[in-house]
Amino acid sequence: MTIAAAAETVATPFSLVRALRPLIVEHRRWAEAHARIAPAVLESARLAGAFTLCAPREVGGADTSFTALMEIFEELGYADATVAWHAANSVVVATVLANIPDDQRARICADPPGPYGLSAMPAGVAIPVAGGYRLSGRWPFVTGVLDAPWSSLLGVVHEGDQPRLIDGIPDVRWFLVPASGISVERTWDASVAMRGTGSHAVSAQDAFVPESLAVVAPARETPQHLRSHAVRLPRGAATPVTNAAIGVGLVRRALDEALRVTREKPLAGTAVGLRELPGRQRLIGNAAAAVPGLKAALLSVAEEVDASLGERPADVPEEVRARMWGTMFWVLDHCRALMSELVTLMTSSYFSSANECESAARDLNAICASMEIVRGNVEAGGRVHLGLAPDAPGF
């Protein structure tokens, strides 16, 4: 089904993204070879709204629910995790659109609708000046920056040579910077996994950022100029928690490849089909049962989050947030273990040729590794379940 046909029939964010799969798969090897998203995929993904899933409807976004995001990112993960990563990283800028004044929102929305660059590393130093800040720094990984009209870069406001404190906490903010305000260093061309993300390094030197484009901080609430679903979600819900859904999509793709190889190939040097071996039958049976279960776990917690939304992110009960973070890592850890078993099933096919299982395994391991920085939220969730304070910034 084409994008246009999907729009005429169902016109849901999922149906539009699902219609992209053949095009994404067709260009996946190109993206890996060139270490960036393929131009044809970029334009079609823009038309499908893949980079504005969490933007308010008033600016053409889909204002997608958390539950729907899980299904969308699982689908994108199956097609190509690097395209999913572009969409996930674009969530921050799309969400910020609800928190900035009309004039600044018009500037951002006048450009192509994403993808939007993102760095969650607080590598910038912002010096207050009249009307805003002068931002300087170097961010080592910014997904999709070669194609991003705007990037959201994390930085710390300084007064003199020390971070400015608000309620005893450093004033950390997202700084929205146009492509003209940053320099790109081609550092991603030698990458091994997730190559299609094009996550090159960027730097800024005294880039001016208006006050209105530096108001959203990861650990503080800010005034809302528009209503949207995403600004009421717990912090980290739309991203990175949805990365677990990308992981499920990758495992589902690897399972399909393992099924194909096991059905078609004989045991080396014999006429016995691999599918006749009881050990392989057991692994396939476990995997075929596990993948829907992992997806169901994500959808269940997402539905619980959506049902508990209030006016602010903090309105979602701590117990629900605790289950959200715990489910994310439970799913990712099981995806990694399941992928290891699927790689075993592939035997020599894994090493002797580029195939779906090989690329899916590389990308999944990279995603899992990148999430370790927030694994402390699982411990914080355990504290909540035990009746203690979470004791984790941004939980």
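Here, residue 1 is the first one in the sequence, and each next residue gets the next number.
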Inset, instruction - Would you sort out whether Met121 and Leu154 count as a side-chain contact (heavy atoms from CB on, under 4.5 Å), showing the intermediate values? - result: CA-CA 6 Å; Met121 300 179 66; Leu154 205 60; over 6 Å; no
Legend entry - Step-by-step side-chain contact (heavy atoms from CB on, under 4.5 Å) determination, Ile284 to Leu255: CA-CA 8 Å; Ile284 289 293; Leu255 173 58; 4.3 Å; yes
Inset, instruction - Just do the side-chain contact (heavy atoms from CB on, under 4.5 Å) check on Asp256 and Glu356 with the steps written out, would you? - result: CA-CA 9 Å; Asp256 284 350; Glu356 308 297 350; over 6 Å; no
Legend entry - side-chain contact (heavy atoms from CB on, under 4.5 Å) between Arg362 and Val192, intermediate numbers included: CA-CA 8 Å; Arg362 282 187 291 123; Val192 176; 4.2 Å; yes
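Counting heavy atoms from C-beta on, the side chains of Thr242 and Met70 come closer than 4.5 Å. Between Leu176 and Val209 there is no side-chain heavy-atom pair separated by less than 4.5 Å. Looking at heavy atoms from C-beta onward, Phe51 lies in side-chain contact with Leu42 at the 4.5 angstrom threshold. Here the side chains of Val202 and Ser151 are not in contact, with every heavy-atom distance at 4.5 Å or above. Counting heavy atoms from C-beta on, the side chains of Leu118 and Ser152 come closer than 4.5 Å. At a threshold of 4.5 Å between non-hydrogen side-chain atoms, the residues Leu76 and Ile24 count as touching. Arg323 is not listed as a side-chain neighbour of Val305, based on a closest heavy-atom distance of 4.5 Å or more. No side-chain heavy atom of Val83 sits less than 4.5 Å from a side-chain heavy atom of Leu20.
Here the shortest heavy-atom pairing between Ala238 and Phe66 reads N-CE1, 4.3 Å. Minimum interatomic distance between Arg235 and Trp325 (heavy atoms only, all atoms of both residues): O-CZ2, 3.6 Å. The heavy-atom pair separating Leu342 from Val251 by the smallest distance is CD1-O, 3.9 Å. In terms of heavy atoms, Ala389 sits closest to Arg383 at O-NE, 2.6 Å. The minimum heavy-atom distance linking Ser212 with Ile100 is given by the pair O-CG2, 3.2 Å. Here the closest non-hydrogen pair linking Val320 and Glu304 is CG2-OE2, 3.8 Å.
Taking CG of Leu135 as the start and CZ of Phe208 as the end, the distance is 11.5 Å to the nearest 0.5 Å. Atom OG of Ser199 sits about 7.0 Å away from atom CG of Asn89, to the nearest 0.5 Å. The CZ atom of Arg321 sits 9.0 Å away from atom CD of Glu319, with the distance rounded to the nearest 0.5 Å. Separation of atoms CG (Leu338) and CG (Leu250) is listed at 11.5 Å; rounding is to 0.5 Å. Interatomic distance, Leu277 CG to Thr262 OG1, rounded to the nearest 0.5 Å: 9.0 Å. The CD atom of Glu303 sits 11.0 Å away from the CG atom of Leu298 when rounded to the nearest 0.5 Å.
Glu211 has a carboxylate O that lies under 4.0 Å from a charged side-chain N of Arg173, or vice versa, which qualifies the two as a salt bridge. Using a 4.0 Å cut-off between charged side-chain N and carboxylate O, Asp147 and Arg36 make a salt bridge. Remark: Arg138 engages Glu185 in a salt bridge, criterion side-chain N to carboxylate O under 4.0 Å. Using a 4.0 Å cut-off between charged side-chain N and carboxylate O, Glu311 and Arg227 make a salt bridge.
A side-chain hydrogen bond (donor to acceptor under 3.5 Å, both in side chains) with Ser359 is found for one member of Glu257, Arg253, Arg28 and no other, namely Arg253.
Note: the hydrophobic cluster containing Val156 does not contain Val125 (ILVMFWY, side chain heavy atoms under 4.5 Å, direct or indirect links). Hydrophobic clustering of Ile, Leu, Val, Met, Phe, Trp and Tyr side chains at less than 4.5 Å, counting indirect connections, unites Val374 with Val378. No chain of hydrophobic side-chain contacts below 4.5 Å, direct or via other Ile, Leu, Val, Met, Phe, Trp or Tyr residues, connects Ile367 to Tyr78. Hydrophobic cluster membership is shared by Leu233 and Met328, with clusters built from Ile, Leu, Val, Met, Phe, Trp and Tyr side chains linked at under 4.5 angstrom. Neither Val261 nor Val25 shares a network with the other; the hydrophobic side chains, linked directly or stepwise wherever heavy atoms of I, L, V, M, F, W or Y lie under 4.5 Å apart, form separate groups for each.
Of the possible donor and acceptor atoms, none in the side chain of Asp333 sits under 3.5 Å from a partner among the backbone N and O of Trp330. Using a distance-only test at 3.5 Å, with no hydrogens or angles considered, no donor-acceptor pair links the side chain of Ser44 to the main chain of Val41. Remark: side-chain polar atoms of Ser65 are paired, donor with acceptor, to backbone N or O of Ala68 under 3.5 angstrom. A donor-acceptor pair is defined here as one N or O able to donate and one able to accept, closer than 3.5 Å; such a pair exists between the side chain of Thr344 and the backbone of Ser340. Arg164 contributes no side-chain N or O that, together with a main-chain N or O of Glu159, makes up a donor-acceptor pair within less than 3.5 Å. Listed for the Arg46 side chain is a donor-acceptor partner under 3.5 Å among the backbone atoms of Gly114. Checking side-chain atoms of Trp188 against main-chain N and O of Val142 turns up no donor-acceptor pair under 3.5 Å. Formation of a donor-acceptor pair under 3.5 Å by the Thr64 side chain with backbone atoms of Leu53 is found in this model. The backbone N or O of Tyr116 sits less than 3.5 Å from a side-chain atom of Ser90, completing a donor-acceptor pair. In this structure, Arg134 contributes its side chain and Ile127 its backbone to no donor-acceptor pair below 3.5 Å.
For Glu264, the CD atom is densely surrounded, since the number of other residues' heavy atoms within 6.0 Å is greater than 12. Within 6.0 Å of CZ on Arg375 lie more than 12 heavy atoms contributed by other residues, nucleotides or ligands. No more than 12 heavy atoms of other residues, nucleotides or ligands lie within 6.0 Å of CD1 in Ile373, so this atom counts as exposed by the packing criterion. Taking a 6.0 Å sphere around CZ of Phe141, one finds it holds 12 or fewer heavy atoms contributed by other residues, nucleotides or ligands.
Aromatic ring pairs are classed by plane angle as parallel below 30°, tilted from 30° to 60° and perpendicular above 60°; the pair His34 and Trp30 is parallel.
Between the side chains of Thr82 and Thr197, not a single donor N or O lies within less than 3.5 Å of an accepting N or O. Residues Asp306 and His229 bring a donor and an acceptor atom of their side chains to less than 3.5 Å of each other.
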